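Take a look at the structure below.
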Amino acid sequence: MFQRILIANRGEIALRVIRACREMGIKSVAVYSQADADSMHVRLADEAYCVGSARSVDSYLKIDQIIAAAEVGNVDAIHPGYGFLAENAHFNEVCRSSGFEFIGPSPQAMEALGDKNTARSMAIKNKVPVVPGSDGLIDNDKIAMETANKIGYPVLIKATAGGGGKGMRVAQDESMLKTALQQARTEAQAAFGNGGVYLEKYVSRPRHIEVQVIADSHGNVCHLFERDCSVQRRHQKLIEESPSPQLPEDRRQAICEAAVRMIRGADYTNAATVEFIVDKEDNFYFIEVNARIQVEHPVTEMVTGIDLIKEQIRVAAGLPLSFSQGDIVAKGAALECRINAENPDRNFQPSPGKIEQIFAPGGLGVRFDSHVYAGYTVPPHYDSMIGKLIVHRPTREEAIATMRRALAELQVTGITTTAGFHDRVLQHPEFVAGTHDTTFVEREFLKG
Amino acid sequence: MFQRILIANRGEIALRVIRACREMGIKSVAVYSQADADSMHVRLADEAYCVGSARSVDSYLKIDQIIAAAEVGNVDAIHPGYGFLAENAHFNEVCRSSGFEFIGPSPQAMEALGDKNTARSMAIKNKVPVVPGSDGLIDNDKIAMETANKIGYPVLIKATAGGGGKGMRVAQDESMLKTALQQARTEAQAAFGNGGVYLEKYVSRPRHIEVQVIADSHGNVCHLFERDCSVQRRHQKLIEESPSPQLPEDRRQAICEAAVRMIRGADYTNAATVEFIVDKEDNFYFIEVNARIQVEHPVTEMVTGIDLIKEQIRVAAGLPLSFSQGDIVAKGAALECRINAENPDRNFQPSPGKIEQIFAPGGLGVRFDSHVYAGYTVPPHYDSMIGKLIVHRPTREEAIATMRRALAELQVTGITTTAGFHDRVLQHPEFVAGTHDTTFVEREFLKG
Amino acid sequence: MTDRTDGDKRMSKGGKPTGDVFDIERIRQIVELMEEHELSEVDLQQGDDKIRLARGSAAPLYMQAPVAHAAPMAAAAAPPPSGAANAASAGTFTINAPMVGTFYGRANPDSEPFVKVGSIVTEDTVICIVEAMKVFNEIPAECRGKIVEVLVGDQQPVDFGKPLFRVEKLA
Amino acid sequence: MTDRTDGDKRMSKGGKPTGDVFDIERIRQIVELMEEHELSEVDLQQGDDKIRLARGSAAPLYMQAPVAHAAPMAAAAAPPPSGAANAASAGTFTINAPMVGTFYGRANPDSEPFVKVGSIVTEDTVICIVEAMKVFNEIPAECRGKIVEVLVGDQQPVDFGKPLFRVEKLA
């Protein structure tokens with residue numbers, strides 16, 4: 001087992017890894033920017049090295065400085081957390097070539113899954129459903145019609161050079177297809193100088209469901225069931241939960257098994273999340289693999305009781321998983337709200353600054369993973385998350401009640417947080433019923 | 001179900017009840033002394049009434065003021081918490097006669113169990129083992145010898161009027177008995193003007209094991225397994241855990257069943273704790289019943305997943321228990337450390353004062369039930385507990401590791417806490433092995 | 001808290017008195033010192049006696065109300081000033097509720113109020129009734145002065161220390 | 001309870017009594033001392049007696065080290081001052097490490113140090129080497145002045161912003 005681990009991150013995830021290290025008897029080495037000198041991850045680590053000034057590019061993204069800190073800190077391994085360099089295959093490679101184990105997949109697996117086309121091909125190869133589409137450009141209307149009939153309406157026409165919705169059209173039926181194709185081509189040509197378009201099945205009001213997987217270097221691959229992250233704002237997850245509130249048991253089994261096939265097929269070790277969109281008929285389609293630990297991993301930890309960070313460390317050290325698939329039982333319902341220093345009344349504008357007072361929620365079924373404290377200044381340089389409020393209760397109804405009372409307890413002064421916004425979401429009948437999808441927040445809270 | 005509940009308490013237990021109320025959609029009404037105007041239970045309750053000045057006798061023990069607050073607060077029921085008036089049968093009676101449900105047992109059951117002799121008789125009647133003894137005064141040496149032979153050596157000679165160890169002697173065998181009797185009688189006569197003594201089996205190095213029981217008004221009585229509270233200092237519990245680390249499964253079953261017999265025999269409703277001492281051979285002897293919720297109830301909540309306060313409220317409202325005995329499964333290991341504002345280096349002298357900074361521990365498996373925050377002044381008028389740090393992990397070994405890292409995280413400035421002392425206890429081989437008894441702390445930490 | 005009601009404002013136990021913590025003259029001297037030397041904070045403590053003074057933005061920040069659905073504190077629940085003197089209105093002080101209950105300004109609905117603005121009260125003057133547990137407690141003024149303001153409405157719930165009347169000291 | 005049994009309102013442990021905490025004259029002396037030496041805070045405590053004085057923008061309170069087994073921060077990990085000027089020693093400033101690595105004061109074990117106390121440096125003077133990832137980075141002074149103190153030992157790990165040398169400005 002490792003003696004010393006460097007954590008190439010900050011904030012709550014740095015704390016999370018420090019906690020796991022401490023419980024395992026491993027010394028933790030933190031790195032920090034000058035803006036984070038008073039940060040809790042610096043205080044709680046066994047050692048800490050300043051790697052640069054406030055801006056991420058000058059510190060947390062500075063590969064040479066982080067490796068230098070790993071050298072002077074004399075560590076065995078590096079945990080990248082999430083964000084920053086976590087999915088940077090080059091960093092992964094440099095860690096290993098500098099003699100430090102990278103706590104994550106191999107650079108090869110990371111790179112392959114990081115490329116959308118490669119990942120899609122791997123999914124198809126491993127019989128993991130992908131969103132059906134033309135698999136290439138559409139040359140003429142006849143092929144478009146044939147394809148659309150095959151994959152079923154509605155279909156989405158996307159510009160191959162596209163982005164930002166430009167050159168994108170939805171066709172509800174055959175009568176609309178020709179016009180939509182024409183419009184999309186014209187728009188794409190005008191916008192990108194490239195009129196090439198392709199077809200994809202249009203999944204309306206999809207749910208976002210992802211599966212937590214972990215694999216060791218002995219060929220064992222286990223899933224830890226799913227998380228539903230359909231409460232999103234501009235593709236940013238706000239609330240995550242497990243189990244997914246409206247997924248039939250047989251689909252749950254199927255999506256988890258698909259995720260395991262995907263990871264096994266990618267020759268992947270360590271923790272990964274396989275993300276899917278799920279339509280109203282509970283068909284699921286592969287989107288991408290996140291080749292790292294995720295923000296919302298505690299939701300899975302609560303229902304399974306498994307410490308994912310410790311398991312990551314074990315696996316990276318070459319040990320086999322401490323469980324097999326049959327040992328993993330998901331119990332009860334867990335929810336996580338990401339508490340951000342943002343002002344929901346001002347379009348979620350960041351609200352960095354000094355926290356004057358804070359009361360951390362407690363009590364039965366409540367977990368608050370946070371690095372902030374009264375007197376701490378939330379720096380403006382990094383993401384605005386100040387903590388993750390997680391609850392675990394026997395039923396989803398109870399979990400919602402517990403989350404609401406915990407949000408009410410989370411009193412923060414000095415900065416504005418999203419706690420109140422979460423409380424509004426939790427009361428919404430659509431969320432309570434669990435029938436919400438990824439368009440829910442924008443439809444119900446951000447219109448007008 | 002109740003619409004409004006008054007909480008006749010302060011500190012973390014007031015918060016605990018407020019949390020349960022909020023999750024159940026019940027309005028909470030707090031009472032407070034002038035010293036507690038800034039207290040978190042006042043802030044988080046739906047309403048709060050000041051019932052007097054700082055001293056407990058002028059506020060939290062003032063029955064008429066609390067009842068008056070219940071009247072103006074228009075509540076249906078009163079939760080007494082622990083301490084203060086929680087086991088005051090008169091208060092219990094006054095609540096009920098004033099039209100408020102008392103969330104606890106009937107005054108009759110409370111009174112009967114509150115009297116040591118009555119409780120002992122009830123135990124014997126319900127086949128719950130008690131510490132064998134002379135059951136009355138020892139008139140002469142012959143009877144003493146006969147009794148001692150019957151109950152087995154070593155025996156304890158106790159003054160009937162006694163207290164504080166005066167008139168108390170241990171006799172290891174028959175040869176010592178006569179002298180010890182003489183000494184005890186003389187000492188008791190001198191100290192209390194009453195030389196009457198009785199005999200009891202001397203249980204050396206006992207463990208303190210208690211069983212959580214809850215009963216409804218429909219005749220259902222369930223136990224929620226045991227807690228081991230052998231880490232004590234001067235009869236004050238410091239660390240509690242569940243399950244008991246060294247109790248064989250058949251004894252565990254037997255002690256839990258005995259506790260249920262005791263509560264059923266007492267015609268008792270609501271939550272109760274049946275306390276036992278357990279000797280080296282795992283024989284258990286009834287000590288007393290605590291007719292209230294206890295400080296250490298979260299330990300049981302963690303392993304069973306059952307919210308004891310909500311269950312208390314349900315039962316008081318006349319509802320049946322939400323589970324039957326077979327539904328209750330204890331999973332993993334839970335520990336609780338009572339964090340006190342005391343200085344362990346100065347004989348645990350209270351250390352009230354203003355908390356300058358505090359970082360509340362978080363992460364997987366950690367629960368921190370506390371009413372304090374940065375800027376809060378711990379008043380000198382009440383008990384010194386500032387929080388309960390509770391952990392729950394799959395094994396006892398992991399729970400200890402998690403507790404140790406959580407204690408290290410709990411950074412408090414401005415006052416001195418017992419967190420560091422707990423950490424020393426948790427590292428001690430005797431505690432790690434789980435072979436400790438109630439003499440452990442004094443033997444190993446407080447000698448000299 | 002500088003004025004705990006239970007805190008016996010005693011002299012120091014040993015020989016020399018520490019003096020009255022509330023001595024305005026001494027406080028004034030300290031404040032002048034603070035101003036002169038731009039101190040932001042002074043915190044003096046001796047035994048149970050304590051003087052803490054802060055200037056400028058160093059004022060303690062209280063937490064704002066909890067988010068969203070968190071309940072606001074009941075009107076009756078505002079932390080009451082103990083004691084009498086209230087700096088906000090010089091020369092006046094308040095008579096505070098000695099107990100929790102329901103405030104009655106008159107003996108029965110048809111009666112005149114016990115006191116009105118302008119009434120002169122002495123120690124024994126009954127100024128109101130506080131009802132609790134079906135007992136109607138007559139509350140005496142326990143001071144001398146002129147009522148200048150009635151601070152609670154009839155049948156309003158009051159708690160311990162709640163200001164009931166503002167009184168002007170009579171010379 | 002206002003008088004805890006343990007609260008010994010004692011005189012100072014040695015001979016002389018600590019005297020009255022509230023003594024204005026003594027407070028004034030402390031304040032003058034603070035002003036003279038630009039102290040932002042004075043916090044004196046003896047038994048239950050306490051004097052705390054703060055000037056200017058209240059200095060931030062740092063948390064004390066975590067309990068018991070919590071690890072102290074590594075020497076190299078102390079939050080480094082970012083700039084150069086350090087008020088503690090007027091007229092001098094520090095040259096800080098521009099990167100993480102191992103400090104070398106000389107090119108090889110047999111060489112003379114790049115600089116010593118008394119050395120005059122200019123912008124381009126190499127003052128040390130910081131080794132990281134097997135690269136030996138020569139660090140220039142980037143300022144002009146006289147070395148008055150070497151702040152790190154040879155082969156000691158340094159991190160970004162760590163003060164390496166104290167330099168006196170030359171007129």
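Chain identifiers are assigned alphabetically (A, B, ...) following the order of the sequence lines, protein sequences preceding nucleic acid strands; residue numbering begins at 1 within each chain. Only a predicted model underlies this, so the values are computations on that prediction, with no experimental measurement involved.
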What part of B/Ile306 lies closer than 4.5 angstrom to a heavy atom of chain A: side chain, backbone, both or neither?
-> backbone
So NE2 of A/His371 and CZ of B/Phe359: to nearest 0.5 Å the spacing works out to 9.0 Å
Enumerate by number any residue of residues 383-399 of chain A whose heavy atoms lie under 4.5 Å from heavy atoms of chain B; in the absence of such residues, state 'none'.
-> A/Arg393, A/Pro394
Count the heavy atoms belonging to other residues, nucleotides or ligands that lie under 6.0 Å from CD of B/Gln325, then report whether that count exceeds 12.
-> yes
For the candidates A/Gly363, A/Ala401, A/Gly375, which exhibits the highest count of non-hydrogen atom pairs separated by less than 4.5 Å from chain B?
-> A/Gly363
side-chain contact (heavy atoms from CB on, under 4.5 Å) assessment of A/Lys331 paired with B/Lys331 | CA-CA 11 Å; A/Lys331 236 188 105 179; B/Lys331 236 188 105 177; 4.1 Å; yes
Hey, which of B/Arg19, B/Glu23, B/Arg16 has the most heavy atom pairs under 4.5 Å with chain A?
-> B/Arg19
So B/Met40 and A/Gln411, side-chain contact (heavy atoms from CB on, under 4.5 Å) or not? Walk me through it.
-> CA-CA 11 Å; B/Met40 203 39 83; A/Gln411 301 179 47; 3.6 Å; yes
Mind running side-chain contact (heavy atoms from CB on, under 4.5 Å) on B/Leu364 and A/Arg367 for me, showing each step along the way?
-> CA-CA 7 Å; B/Leu364 181 59; A/Arg367 167 178 175 187; 3.5 Å; yes
Got a second to check how far B/Ile18's CD1 is from A/Arg405's CZ, nearest 0.5 Å?
-> 11.0 Å
